[in-house]
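Here's the structure, in structure tokens; my notes come after.
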Amino acid sequence: MNRLATALGRLRLKSPVTVASGTFDTGYFELFDQSALGAYTTKTITLAPKAGNPPPRLYETEAGLLNSIGLQNPGLKAWLNEDLPLLRDLLQIPLIVSFSGSSEDEFLRVLDGLELQEGIAGYEVNVSCPNVAKEGIAFGADPDVVFSLASSLAALTRRELIFKLSPNVTDIAAIAQAAEAGGASSLALINTLYGSAIDWKTGRFRISSFVCGYSGSGIKPVALALCHKVALAVRIPILALGGIHSWQDALEFFWAGASAIALGTAFYSDPLAAVKLRQGLEDFLRENDLSLRDIIGKAR
Amino acid sequence: MNRLATALGRLRLKSPVTVASGTFDTGYFELFDQSALGAYTTKTITLAPKAGNPPPRLYETEAGLLNSIGLQNPGLKAWLNEDLPLLRDLLQIPLIVSFSGSSEDEFLRVLDGLELQEGIAGYEVNVSCPNVAKEGIAFGADPDVVFSLASSLAALTRRELIFKLSPNVTDIAAIAQAAEAGGASSLALINTLYGSAIDWKTGRFRISSFVCGYSGSGIKPVALALCHKVALAVRIPILALGGIHSWQDALEFFWAGASAIALGTAFYSDPLAAVKLRQGLEDFLRENDLSLRDIIGKAR
Amino acid sequence: MPVFQELPLLGTERINRAYLRISVMAPELAEKCRPGMFFELKAGLPSQTRRLFKPISVFEASEGKISFLIKVVGPGTRALAELKPGEPLLLLGPLGNSFHLVKGQNALLVSGGIGYPPLAWLKRVLEPHNRVILVHGGSCAEDLFPCDRGYTLDGSSGDRGLVTQDIMDIIKTENIDIVYSCGPLPMLKALQACVGDLPHYASLEAYMACGLGACHGCAVPVGEGWQRVCKDGPVFAASLIRWEEL
Amino acid sequence: MPVFQELPLLGTERINRAYLRISVMAPELAEKCRPGMFFELKAGLPSQTRRLFKPISVFEASEGKISFLIKVVGPGTRALAELKPGEPLLLLGPLGNSFHLVKGQNALLVSGGIGYPPLAWLKRVLEPHNRVILVHGGSCAEDLFPCDRGYTLDGSSGDRGLVTQDIMDIIKTENIDIVYSCGPLPMLKALQACVGDLPHYASLEAYMACGLGACHGCAVPVGEGWQRVCKDGPVFAASLIRWEEL
Ligand SMILES: Cc1cc2nc3c(=O)[nH]c(=O)nc-3n(C[C@H](O)[C@H](O)[C@H](O)COP(=O)(O)OP(=O)(O)OC[C@H]3O[C@@H](n4cnc5c(N)ncnc54)[C@H](O)[C@@H]3O)c2cc1C
Ligand SMILES: Cc1cc2nc3c(=O)[nH]c(=O)nc-3n(C[C@H](O)[C@H](O)[C@H](O)COP(=O)(O)OP(=O)(O)OC[C@H]3O[C@@H](n4cnc5c(N)ncnc54)[C@H](O)[C@@H]3O)c2cc1C
Ligand SMILES: Cc1cc2nc3c(=O)[nH]c(=O)nc-3n(C[C@H](O)[C@H](O)[C@H](O)COP(=O)(O)O)c2cc1C
Ligand SMILES: Cc1cc2nc3c(=O)[nH]c(=O)nc-3n(C[C@H](O)[C@H](O)[C@H](O)COP(=O)(O)O)c2cc1C
Ligand code: FES
Ligand code: FES
């Protein structure tokens, strides 16, 4: 019996541990076996290539990480031709492709391109990246826009359709409900919070863009609160992330209503975080004779 | 020359260091002299007494503090009769009264009552407390409501009128502009972020209310980003807070555009945080032959 | 009036496995301590810079020395256990009220877990003028400390069971006039149910931030509204506590 | 192929005031190291549990031992300085590419600040087959290490001034064929301006998170887009770097 088995909508996962878009690549499989993971999520891709933001792009704060990568990616075409074949060869776990766009049309064209390819199990629709002027947050903050986008995308695919939400909104539950109503089959949350850091000696911003994305342990309480809020508001499953490092962290999110979790910043303080988390979770469940589904959403 | 002199609208402050509403009371003056502070801000009061939320009300996370006090306060009448006289006797620094309400009318009635009293230098209008069902956030999230409230309050007072904003909104700059347009003479930000914690063993929420307020060092990057955003959007001064502990932290906020700062959670890890912060700031400015106004808003 | 000080740790001693006893030399502070009072403590280590102080009862204050008996349960108490003699201990206190002292009475002291330290000291203070019985309970032998009657959940030491199970008997046979207690809420609740109309002073626990009455974080249902454990307590007349809300 | 390991610290040695030299015994890893490569390092201390690894160049890898020369500048490097022999050092590596090695040439090595370690090792590797001159600069005597010509900003040791000030001369008089460099960006930029068309390999610095090429956080303007210092570098042909954007 696999106590760790879970599902994200149409996607059955052997492990509830996945990776946060943009934080991970297959290089880590030189350090641990991919079977620790339930799925592999790519960095966000866009229709046209994106150069990304100028350096410096990273800064470590007291309790987390600031980044401003700016969605650097080779664009759909290069990704399909260069990256996808390699991933298809390498992966024995479901492949989830994260993508974004600056208009509904752009999202649809990316999806069209991806639908023609085999070996993709699902999509993570990034309507929440805070780094880019036109993309992402403009979409993620308006329930009507999210509903419309979800409807259009859902009509075109039978693959798992995850909407990834931003925490930087007044009412994340309303956005979540709009995505669900439109046809998203699961939700990922949260993307990074707004964050910034300044060199107190000189007044220089630590990162080239003033406002960047904040991730890591400092955002865990926020991610957990929003996970619980959304869990109360929708019926579709939640892929929770934001500051998760340990199996104890993961348990908090399962209690709060998550069906699976993802690690991002955690890899940078422990490259084996996913393996340890999976093992710790399995041990906990075995010792208490529980399955994951016994605790999902059972916080009180 | 006082390098630390600053102003919040109509209020001249000898020290830019103040205290976060609800976190501090005069008991601390048994530990340090009030002259370290530029002003004293009360816990938020409301028209009617409020019992507050059931225990447990606090939980320490990896990088901050969760609280759900629920605006416990004795109500305007008892506060005027019991607390205000004591504060008037004790304080040699400006007194700022924080208040909230569940309707515009309630805010106005509290202001009316306070306007009749001497010894009050300014108001902090709390439209941002996330703990209470009806109060606070309902107001803080809607620019139109904030504009209307600010206009009504500004018409009734010549005292410093600070609007305290919530970070849990899509566009804090729009709310800030609404407060400014209505007549707020300065802004305080940020109040607590949404946060939560769960006992991973049992699934019990660590605090009686599921979603509570998250403060402390983990929220500093968010507070700084929002301070900078708002500084670019308004002309009125900013009182910055959120995770500030050290004088280096404070400097980051001055560079980002704050005219003064407040300490809250910092007192719970160092009761002398305000004294040390003020001293560190003064030393830094003297060594670099700078005044506070030379750096406010000069981040680049 | 509480004081904030940084003092070198005098000594540290492991007791059983999960407990430690630490002490500082502080004659002026020691003078002000009474049984029931507590300090907000923090280890002066870099890892604790941004962390909260933790409330810890005075276990003994005599001959200028203050000592604490601490159970290691989380990051704050773990850091206290790591502190070596000579390293700085940060203290804010003494805080809170203290137990009402009586004379010529039969006093029953009931403690559970880390509720032991204040009652152990109270016992020594009451003993010259009263007949005192201290019963103490824990989950296993590790949690037991010198007392007149000990209980453990697993029966590994003392009697097996709850510290409250024989209270009715003891009150009757020992002719108890007054009860003092400190321990986890369920224990105190069960105790109050046994105690009936006897005077009963209970020391309550609560998660704390400021320790000074400023933050209202440590509220407990006492009297008509909420009282702060740090400032209005930690000792409350049990009859005023709204037990049903705990 | 990088490896992730936890190894007991072999030794630690303070050098000047702000630097330390640490080493581990790791024969298999040492085999794989080449001058220019680096490791992501972290002290295995509780305070570092949630913190990032920090990129540190290999200072020497020989006889199964790998050593690092580290300047203490912030929390990560401070924790490395606190680590005692026998305590765990976490290593991810070796990472990155290495300097292109030549034979029978006059090589000029220019380092600034913490750019010294990889060039010091490169010097020892090149010397049997080339004529090698290492010039090194820092802000004060503290920052100077054994080299052929040293510069300090305050003149407290070596020549007063910038490490780049005499480069034109040196290139001419010493008949330099190839330049290698590592140091802060302004220094590298000034150097490239002097070097002209000579082959020049520069090792760049960048703030890093993953160290494996996954996060794109360490991007620098090289070639047409951005290259990752951790995976595509840290050594780049200087002619391909878009210096004006740095
Ligand atoms: C007035 C008072 C006197 C006390 N005296 C002593 C004493 O003499 N010796 C002693 O060992 N302990 C005493 N305690 C309890 C002690 O304060 C907690 O064990 C300590 O705060 C735990 O801190 P931590 O950082 O190690 O663990 P945390 O991470 O803060 O908590 C670990 C676990 O303990 C629970 N917990 C934490 N603090 C409290 C609390 N105050 N009440 C109830 N549960 C809590 C948490 O919910 C969590 O499950 C006293 C508490 C109070 C209020
Ligand atoms: C490939 C490579 C090799 C390196 N080799 C060495 C070495 O052999 N010895 C050595 O002492 N240092 C080396 N460094 C630099 C070292 O990585 C940083 O000093 C270290 O990351 C600082 O970490 P911290 O936590 O102590 O300070 P932080 O808090 O991270 O930073 C302190 C200050 O240093 C700046 N800083 C931090 N990291 C970098 C960086 N990577 N590049 C530029 N500025 C930075 C920050 O902006 C800040 O002002 C190397 C860096 C790279 C990229
Ligand atoms: C370096 C970095 C790059 C990221 N890139 C992306 C991205 O391309 N697309 C996306 O949806 N989220 C991106 N994120 C956000 C993460 O997927 C994740 O939502 C966030 O970091 C919170 O999780 P964590 O605290 O576990 O890292 C990125 C985060 C980091 C730190
Ligand atoms: C225990 C506690 C009580 C608080 N009560 C209030 C309050 O009554 N009114 C208010 O406007 N903010 C209240 N706050 C929010 C603080 O004023 C402040 O905005 C927030 O804590 C962020 O600052 P900090 O990280 O420095 O604590 C409270 C915060 C805490 C921790
Ligand atoms: S702990 Fe702050 S009021 Fe008691
Ligand atoms: S540090 Fe992550 S790509 Fe280089």
Query raised in the report: At a heavy-atom separation under 4.5 Å, does A/Pro56 approach chain D through its side chain, its backbone, both, or neither?
Result: neither
Requested in this report: Flag the pair A/Glu60 and D/Lys54 as a salt bridge only when some basic side-chain nitrogen lies within less than 4.0 angstrom of an acidic carboxylate oxygen.
Outcome: yes
Query raised in the report: Do A/Asn67 and A/Ser215 get their side chains close enough for a donor-acceptor pair, meaning under 3.5 Å?
Result: no
Query raised in the report: So does A/Asp270 pair up with A/Lys276, basic N to acidic O under 4.0 Å?
Result: yes
Query raised in the report: Do the side-chain N and O atoms of A/Thr44 and A/Asn126 include a donor-acceptor pair separated by under 3.5 angstrom?
Result: yes
Query raised in the report: Checking D/Leu92 against chain A: side chain, backbone, both or neither under 4.5 Å from a heavy atom?
Result: side chain
Query raised in the report: Can you say whether A/Phe267 sits under 4.5 Å from chain D via the side chain, the backbone, both, or neither, judging by heavy atoms?
Result: neither
Query raised in the report: For the ring pair A/Tyr59 and D/Tyr207, is the centre-to-centre distance below 6.0 Å?
Result: yes
Requested in this report: Below 4.5 Å from any heavy atom of chain A, which atoms of D/Pro75 appear? Answer side chain, backbone, both or neither.
Outcome: neither
Requested in this report: May I ask you to decide if D/His100's main-chain N or O and D/Tyr180's side chain share a donor-acceptor pair within less than 3.5 Å?
Outcome: yes
Query raised in the report: Given D/Phe68, which of D/Phe59, D/Phe38, D/Phe39, D/Tyr116 fulfils the ring pair (Phe, Tyr, Trp, His ring centres under 6.0 Å) condition?
Result: D/Phe39
Query - Heavy-atom contact with chain D under 4.5 Å, split by part of A/Ser21 - result: neither
Query - Under 4.5 Å from a heavy atom of chain A, the part of D/Ala206 involved - result: neither
Requested in this report: Heavy-atom pairs under 4.5 Å with chain D are the metric here; pick the option from A/Gly27, A/Gly264, A/Ala51 that has the most.
Outcome: A/Ala51
Query raised in the report: By a 4.5 Å heavy-atom criterion (distance strictly below it), what part of A/Gln72 contacts chain D: side chain, backbone, both, or neither?
Result: side chain
Query raised in the report: Under a 4.5 Å heavy-atom cut-off, does chain D meet the side chain of A/Ser217, its backbone, both or neither?
Result: side chain
